> 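Before I ask anything, let me first share the structure, which is written out below as structure tokens.
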Protein chains: 2
Amino acid sequence: MATIDHKQLWQAVADQLRDEILEGRLPAGSRLVETELADRFGVSRGPIRDALTELARTGLAVDLPRRGTFVSSLTEADLNEVYVIRRAIEEVAVRLAISHATDEELTDLRAALEVVEDAYRGPDLAAAWDADMEFHRSYCRLSGNGRLLAVFEQLASQTVLLMRTAVATRSSLAWIPPVEVHRHIADAIGARDPQRATDAVAAHYRYTEERLSAADRGGDSVPAA
Amino acid sequence: MATIDHKQLWQAVADQLRDEILEGRLPAGSRLVETELADRFGVSRGPIRDALTELARTGLAVDLPRRGTFVSSLTEADLNEVYVIRRAIEEVAVRLAISHATDEELTDLRAALEVVEDAYRGPDLAAAWDADMEFHRSYCRLSGNGRLLAVFEQLASQTVLLMRTAVATRSSLAWIPPVEVHRHIADAIGARDPQRATDAVAAHYRYTEERLSAADRGGDSVPAA
DNA sequence: GACAGAAAGATTGTCAACAGTTAGCGTCCC
DNA sequence: GGGACGCTAACTGTTGACAATCTTTCTGTC
């Protein structure tokens, strides 16, 4: 087993902190203190520093030199900012996925779609967001462009944090997306129709932006991830 | 002056290593050894590790756990990958810049255009690439979307490294772009015409992709940054 | 009570040392 | 000659200590 890459300490710490942030157990704005975390995890400050650097890299935390690292405080303006970029890269991702993915790989996308639709029918909104993000991640992965997937991953973490934060402060942001927004994307990719796929992604984001605008004026529902 | 943020050691080290990589003084594939760099810069290994982490974050280096950090070895396939994402985000960036930028800010873009055109008329190709990248950076900054600019910055570093690497191995990749590719973008933004600006960005990248393909079949010129 | 300055405490940045892992080299065997 | 094995030097990962910086608390003055 010695030849299997085992995790470095900082990775285990970062993974756990990421989960705590995304599950709302470490609230936005809270300070991540190296010395406390070192005591808590029973390791030295070195790996804690590396873990905090990783959280800052993915946007879940903000590192202020000599002052500390804080869980990101993100607003709906941030959500808009993230969606703009996600829309841009996902429109490209679906086109690339259509060109690159094998038929077998497209069945994985289908499976992800089923999971999302099931999840939004269930009681657990956070699980639905995770499934939703996994669906989007699928076609970004199928694009075959590693850098595109890396950009998506950063934005994905921030999206989940943003939605948890936003819904906690504004329940009017909690809504369930129509089932067809994801299905249209999956169908178009399955049919290997680039224009339809791009249009379906654009429609999904337009829907989301409309819901965000509507939430600004009152109303009551859940943002799609 | 005590209230002014001064650089941490790792930042100074990272800046210098970045310059050396981008200027070709640290060749692709070369190993960045913490202990050597610590001796060379006269600091402890801690800040060196942080600097190397930063280089890995921006894609200029690759960190292999327990084995070391290596200057990225990037190929023309990587260049294509980077261009796909840059095109996607820059098409959005010009639209946002048109909506958000003041008239005064647009004169900065004009200035950046002059610098690029002058630079490509000169003998120093690396300086021209830097000016080219600064032009693109300008409208990404004017987009008002900080995350978009951050994504651009990562891709910018990689673009310069890629081009230096590619041209060093394939002089057929060294070509001067027609002056109008950048001018069309700046004109469209100046006219605040989103469709024209998006089309101009797309044309720029189409041109670049065509030159890359032509270079695969022989020929002799310089990729636009 | 409000404000300013000093002191104390807490934290981050850096350093040097120790522990664990890997790469390279030499030797042996087929 | 090629492959496997063992050893050692060099390197990376982690730890604990010291120095520098920031935040909080305390004290004095108005």
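Every chain is numbered from 1, with letters handed out A, B, ... down the list of sequences. Computed over heavy atoms, backbone and side chain alike; hydrogens, waters and symmetry mates excluded. The structure displayed is predicted, hence computed values, not measured ones.
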> Distance check needed: D:dT14 C1' versus B:Glu34 CD, whole Å only.
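Going from B:Glu34 (CD) to D:dT14 (C1'), I get 12 Å.
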> Heavy atoms only, 4.0 Å cut-off, all strands: where does A:Gly46 land among base, sugar-phosphate and nothing?
base
> Looking only at side-chain atoms of B:Val33, point me to the closest of D:dG13, D:dC11, C:dT12.
D:dC11
> Whole angstrom is fine here: how far is it from CZ in B:Phe41 over to C1' in C:dT14?
16 Å
> Please report the distance, rounded to the nearest Å, between CG in A:Leu9 and C1' in C:dA19.
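Those two atoms, CG and C1', are 12 Å apart.
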> Does C:dG13 have OP1 or OP2 under 4.0 Å away from a side-chain N or O of A:Arg66?
no
> List in chain and number order the residues that pass side-chain hydrogen bond (donor to acceptor under 3.5 Å, both in side chains) with B:Arg18, two or more places apart in sequence or in another chain; answer none if no residue qualifies.
B:Asp15
> Look at the side chain of B:Glu36 and decide which nucleotide, out of C:dC15, D:dT12, D:dC11, has an atom nearest to it.
D:dC11
> Examine the side chains of A:Arg147 and B:Gln158 and answer whether a donor and an acceptor come within less than 3.5 Å of each other.
yes
> Could I get the full list of side-chain hydrogen bond (donor to acceptor under 3.5 Å, both in side chains) partners for A:Arg87, not counting sequence neighbours?
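With neighbours one apart ignored, the set is A:Glu91.
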> Among the candidates D:dG13, D:dC22, C:dT14, find the nucleotide nearest to the side-chain atoms of B:Pro65.
D:dG13
> Any idea which of C:dG13, D:dT23, D:dT14 is nearest the A:Arg67 side chain?
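Between C:dG13, D:dT23, D:dT14, the one nearest the side chain of A:Arg67 would be D:dT23.
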> How many whole angstroms separate atom CG of A:Leu52 from atom C1' of C:dG13?
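Atom-to-atom, A:Leu52 to C:dG13, this comes out as 14 Å.
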> Quick one: B:Gln8 CD to D:dA19 C1', roughly how many Å, whole number?
15 Å
> With a 4.0 Å cut-off, would you call B:Arg164 and B:Glu23 a salt bridge?
no
> So does B:Arg49 get a side-chain nitrogen or oxygen closer than 4.0 Å to the phosphate oxygens (OP1/OP2) of D:dG13?
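B:Arg49 to D:dG13 OP1/OP2: side-chain N or O found under 4.0 Å.
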> Return the nearest nucleotide to the side chain of B:Arg31; candidates are C:dG13, D:dC11, C:dC15.
D:dC11
> Whole angstroms only, please: what is the CG-P distance between B:Asp39 and D:dT12?
12 Å
> Look at the side chain of A:Arg45 and decide which nucleotide, out of D:dC22, D:dA17, D:dC11, has an atom nearest to it.
D:dA17
> Counting side-chain heavy atoms from CB outward, which of C:dG13, D:dC11, D:dT14 is closest to A:Ser44?
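Nucleotide nearest to A:Ser44's side chain: D:dT14.
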> Between B:Asp50 (CG) and C:dG13 (P), how many Å, whole number?
8 Å
> Tell me the interatomic distance from A:Ile48, atom CD1, to C:dT11, atom C1', rounded to whole angstroms.
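Atom CD1 in A:Ile48 sits about 14 Å away from atom C1' in C:dT11.
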> Is B:Arg141 paired with B:Glu134 through a side-chain N to carboxylate O contact shorter than 4.0 Å?
yes
